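Just so it is clear, the structure is predicted and the values come from calculations on it, not from any experiment. Counting begins at 1 with the first residue of the sequence.
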Amino acid sequence: MEENPEEAQQLRLKKGIELFNKKCDFVLSVANLKQLPADNLEEIAFAGRSNVGKSSLINALFGQRKLAKTSSTPGRTQQLNYFNLDNKVYVVDLPGYGFAKAPKEIVQNWQKLINTYLVGRANLRRVFLLIDSRHGIKKIDEEIMDMLDKAAVTYQIVLTKIDKISNKELEKIIADTQAIVAKHTAAHIMVLKTSSEKNLYLDELKAEVADLI
């Protein structure tokens, strides 16, 4: 008997919701790769330009307002912040990239930390690459995508702040993003959309994470 696609999707969503209702604790902030925890758990990571809304999205996924630190000042997250979800998976909030106003040396250190982590972490299952839906994929995002392609690290685009644009604009940005994704070998074909402020489409992202573990 064939499985009903709609029922299968509902089951996926249910598993994702159940996973993110589990206990999630902050573990540590990593400023040096020597501080990385043991790789006994699988990891998923959130990456994106500074101020794209990584911390806000993580908080919205877990329904906790202060799990990940948020700030209106771009570049506030300067370390890899680790969270343990139900002893099943590490959720990693990566430093934002592309923040030009920070001192050059700090920017270089951030980039080195991110790059080394992404290409060298064997238990990293997927990077969720956040893109502000108001601006789309920028040159620096494509540079990160190229790096992930070369390292064979699977990543998936997540459009953020979709409540800030119209449905017509959203349709266009999704189509434009899919066209770019098609050119990248390590990119997941499905483009996700979210709004942390309005709690829109978060269950699909939760289901994607649940599928990985």
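L192 and I17 are assigned to two separate hydrophobic clusters, defined by single-linkage of ILVMFWY side chains at heavy-atom distances under 4.5 Å. With hydrophobic clusters built from ILVMFWY side chains whose heavy atoms lie under 4.5 angstrom apart, M147 shares a cluster with L33. Tracing side-chain contacts under 4.5 Å through hydrophobic residues (I, L, V, M, F, W, Y), one never reaches V158 starting from L13; they form parts of separate clusters.
Ionic pairing of D132 and R49 is not present here: no N-O contact between side-chain nitrogen and carboxylate oxygen is shorter than 4.0 angstrom. Looking at K150 and D146, no side-chain N of the basic residue comes within less than 4.0 Å of a carboxylate O on the acidic one, giving no salt bridge. A salt bridge between D203 and K206 is present, with a side-chain N of the basic residue lying under 4.0 Å from a carboxylate O of the acidic one.
No donor-acceptor contact under 3.5 angstrom links the side chains of Y90 and N123, judged on distance only. Residues N59 and S196 bring no donor and acceptor atom of their side chains to less than 3.5 Å of each other. Judged by distance alone, the side chains of Y82 and Q35 never bring a donor and an acceptor atom under 3.5 Å apart.
Under the 4.5 Å side-chain criterion, counting only non-hydrogen atoms from C-beta, L36 is not in contact with K34. I157 has its side chain out of reach of F128: every pair of non-hydrogen atoms, C-beta onward, lies at least 4.5 Å apart. At least one side-chain heavy atom of L94 sits under 4.5 Å from a side-chain heavy atom of L118. In this structure, F83 and V27 have side chains that are not in contact, with every pair of non-hydrogen atoms separated by 4.5 Å or more.
With sequence neighbours excluded, the residues forming a side chain to side chain contact (heavy atoms under 4.5 Å, CB included) with K164 are R134, K161, E197, listed by chain and number. Residues satisfying the salt bridge (Lys or Arg N to Asp or Glu O under 4.0 Å) criterion with R12, sequence neighbours excluded, are E204, E208, D211.
At least one donor-acceptor pair under 3.5 Å links the side chain of R125 to the backbone N or O of L212. Within the 3.5 Å criterion, the main-chain N or O of K138 finds a donor-acceptor partner in the side chain of D141. Of the possible polar contacts, one joining the D149 side chain to the A186 backbone as a donor-acceptor pair under 3.5 Å is found. Between the side chain of T160 and the backbone N or O of L130 there is no donor-acceptor pair closer than 3.5 Å. A distance-only check finds no donor-acceptor pair linking the side chain of Q9 to the backbone of E6 [under 3.5 Å]. A donor-acceptor pair under 3.5 Å is formed between the side chain of T194 and the backbone N or O of L159.
Here the straight-line distance linking atom CD of Q64 with atom CZ of F26 works out to 13.0 Å at 0.5 Å rounding. One distance of note links CG of L200 with CG of L205; it measures 13.0 Å at 0.5 Å rounding. Distance check, rounded to the nearest 0.5 Å: CG of L124 to OG1 of T154 gives 9.0 Å. In this structure, the separation between CG on L28 and CG on L80 is 9.0 Å, given to the nearest 0.5 Å. Interatomic distance, CD1 of I173 versus OG of S166, reported as 11.0 Å (0.5 Å rounding). From C24, atom SG reaches atom CG of D86 across 9.5 Å, with rounding to the nearest 0.5 Å.
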Begin from the C-alpha positions of M145 and K183 and carry the test side-chain contact (heavy atoms from CB on, under 4.5 Å) through to its verdict.
CA-CA 10 Å; M145 294 168 75; K183 301 175 183 177; over 6 Å; no
Practice task
Might you work through the side-chain contact (heavy atoms from CB on, under 4.5 Å) test for N84 and L41, ending with a clear yes or no?
Solution key: CA-CA 9 Å; N84 183 327; L41 293 181; 3.9 Å; yes
Practice task
Before giving the answer on side-chain contact (heavy atoms from CB on, under 4.5 Å), spell out for L85 and F62 the whole-Å C-alpha distance, their side-chain angles and the decisive distance to 0.1 Å.
Solution key: CA-CA 10 Å; L85 174 54; F62 289 100; 3.5 Å; yes
- Start with the C-alpha distance between L148 and H184, add both sets of side-chain angles, then the distance that settles side-chain contact (heavy atoms from CB on, under 4.5 Å), and finish with yes or no. CA-CA 9 Å; L148 292 168; H184 290 268; over 6 Å; no
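Annotation for L19 and A210: closest pair CD2-CA, 3.9 Å, computed over non-hydrogen atoms. When all heavy atoms are compared, the tightest approach of V30 to Q79 is O-CB, 3.3 Å. Among all heavy-atom pairs drawn from M190 and Q156, the shortest one is O-NE2, 3.1 Å. Heavy-atom minimum distance, S195 versus D163: OG-OD1, 2.7 Å. In this structure, F46 and I44 approach most closely via the heavy-atom pair CE1-CD1, 3.5 Å. Smallest separation of non-hydrogen atoms from A60 and N199: CB-OD1, 3.9 Å.
Taking a 6.0 Å sphere around OH of Y201, one finds it holds 12 or fewer heavy atoms contributed by other residues, nucleotides or ligands.
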